[in-house]
Amino acid sequence: MPLYEVAHAAPLSPGQKDALAEAITDLHANRFQVPRWYITVIFTDTSVQTSYIGGHQRITNRITARVRNGSTRSREAFNELCSHINDVWRRIVHPDLPISTLPPRELELAAIYITGELLAGMKFGFPVPVAGAEMAWSEIHYDSFKARAALGDDDFVGFVAELEKKPRFNRCARANIDSKT
């Protein structure tokens, strides 16, 4: 389950954070065909953090993603994702600058790092699925997800609603129901 950390020295407004989180979530979910609920985006204000590039103190903005490797996730797919994230940053953080113009250092996205290999993990008490097996994992735990949603857990209310809209999930869920009757 991907974790994106946006470490920013740029003074991001709440609206910019919302827009970046939404865009990163959409990009990852659409690229790897996973529910949006799996994706976490956090923001860390690094404006008072000392960073060095090449031994020289710099103000930087960076995005670091920790993701799961999988046979359906190529280096090219992740490189393309980086390019799209960079485009989104430019559009949201410094939209008035022409593409050919170098942004001020405090607004520039200096780096995007995507690292892989999650050995194990849990999210809300559920073991993290293997990359590429998210929908099968969702089917296995679906009754538990629905129970959490029925208790009013907003995270699970949205997750269950999202799952129920996915045709691939619905076909699998109907097949499971049909086989039990």
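Residue indices begin at 1 and follow the sequence shown. Note that the coordinates shown come from a computational prediction; the quantities given were computed from them, not determined experimentally.
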Legend entry - Euclidean distance, Phe43 CZ relative to Ile63 CD1, rounded to 0.5 Å: 7.5 Å
Legend entry - Nearest-0.5 Å distance that lies between atom CZ in Arg66 and atom OG1 in Thr40: 11.5 Å
Legend entry - Backbone of Leu97 reached by a side-chain donor or acceptor of Thr101 within 3.5 Å: no
Inset, instruction - Mark yes or no for whether Thr46, through its side chain, and His8, through its backbone, hold a donor-acceptor pair below 3.5 Å. - result: yes
Inset, instruction - Report yes or no: do Met1 and Met135 belong to one cluster of Ile/Leu/Val/Met/Phe/Trp/Tyr joined by side chain heavy-atom distances under 4.5 Å? - result: yes
Inset, instruction - Kindly determine whether Glu139 and Leu163 satisfy side chain to side chain contact (heavy atoms under 4.5 Å, CB included), including the steps that lead there. - result: CA-CA 9 Å; Glu139 291 169 26; Leu163 286 173; over 6 Å; no
Inset, instruction - Give a yes or no on whether the backbone of Pro129 and the side-chain of Arg68 come within a donor-acceptor separation of less than 3.5 Å. - result: yes
Inset, instruction - Nearest 0.5 Å please: distance from the OG1 atom of Thr115 over to the CZ atom of Phe78. - result: 9.5 Å
Inset, instruction - Give a yes or no answer on whether the side chain of Trp89 reaches the backbone of Leu107 with a donor-acceptor pair at less than 3.5 Å. - result: yes
Inset, instruction - Check for a donor-acceptor pair, side chain of Glu108 on one end and backbone N or O of Leu102 on the other, with a separation under 3.5 Å. - result: no
Legend entry - Test log, rule salt bridge (Lys or Arg N to Asp or Glu O under 4.0 Å), inputs Glu76 and Arg31: CA-CA 11 Å; Glu76 293 78 22; Arg31 162 66 55 198; over 6 Å; no
Legend entry - Residue pair Phe156, Leu151: steps toward the side chain to side chain contact (heavy atoms under 4.5 Å, CB included) verdict: CA-CA 9 Å; Phe156 285 87; Leu151 293 172; over 6 Å; no
Legend entry - More than 12 heavy atoms of other groups within 6.0 Å of Phe124 CZ: yes
Legend entry - Student check: side-chain heavy atoms of Ile42 and Tyr4 closer than 4.5 Å: no
Legend entry - Non-hydrogen side-chain atoms of Pro103 and Arg90 separated by less than 4.5 Å: yes
Inset, instruction - Determine, for Tyr113 and Arg62, whether the Lys NZ or Arg CZ falls below 6.0 Å from the six-membered ring centre while staying within 45 degrees of the axis. - result: no
Inset, instruction - Could you check Tyr142 against Phe159 for ring pair (Phe, Tyr, Trp, His ring centres under 6.0 Å), going step by step and ending with a plain yes or no? - result: CA-CA 10 Å; Tyr142 182 71; Phe159 181 40; 8.7 Å; no
Legend entry - Polar contact flag, side-chain donor to acceptor under 3.5 angstrom, Tyr38-Thr25: no
Legend entry - Separation between CD1 of Ile114 and SG of Cys82, rounded to the nearest 0.5 Å: 3.5 Å
Inset, instruction - Return yes if some donor-acceptor pair links the side-chain N/O of Asn61 with the main-chain N/O of Glu106 below 3.5 Å, else return no. - result: yes
Inset, instruction - State, without any angle test, whether Thr44 and Glu5 hold a side-chain donor-acceptor pair at a distance under 3.5 Å. - result: yes
Legend entry - Closest approach of Ile92 to Ala23 (non-hydrogen atoms, all atoms of both residues): CD1-CB, 4.5 Å
Legend entry - Glu164 CD to Ser138 OG distance, which is reported to the nearest 0.5 Å: 11.5 Å
Inset, instruction - Identify the two heavy atoms, one from Arg36 and one from Ala29, that lie closest to each other, and give their separation to 0.1 Å. - result: CG-CB, 4.0 Å
Inset, instruction - Calculate, to the nearest 0.5 Å, the distance between atoms CZ and NE2 belonging to Phe126 and His141 respectively. - result: 7.0 Å
Legend entry - Least distance between heavy atoms, Pro11 atom then Gln16 atom: O-OE1, 3.8 Å
Legend entry - For the student: nearest non-hydrogen atoms of Val160 and Ala149, plus distance: CG2-CB, 4.2 Å
Inset, instruction - Check step by step if ring pair (Phe, Tyr, Trp, His ring centres under 6.0 Å) holds for Phe145 and Trp137. - result: CA-CA 11 Å; Phe145 298 158; Trp137 176 86; 5.4 Å; yes
Inset, instruction - Flag the pair Lys123 / Trp37 as yes when at least one side-chain heavy-atom distance between them is below 4.5 Å, and no otherwise. - result: yes
Inset, instruction - Go through Leu81 and His28 one step at a time and tell me if the side chain to side chain contact (heavy atoms under 4.5 Å, CB included) criterion holds. - result: CA-CA 7 Å; Leu81 179 62; His28 191 100; 4.0 Å; yes
Inset, instruction - Any chance you could lay out the side chain to side chain contact (heavy atoms under 4.5 Å, CB included) test for Leu109 and Val93, step after step, and finish with the verdict? - result: CA-CA 9 Å; Leu109 182 57; Val93 176; over 6 Å; no
Inset, instruction - Consider only side-chain heavy atoms of I, L, V, M, F, W and Y, link residues closer than 4.5 Å, and tell whether Leu3 and Val67 are in one cluster. - result: no
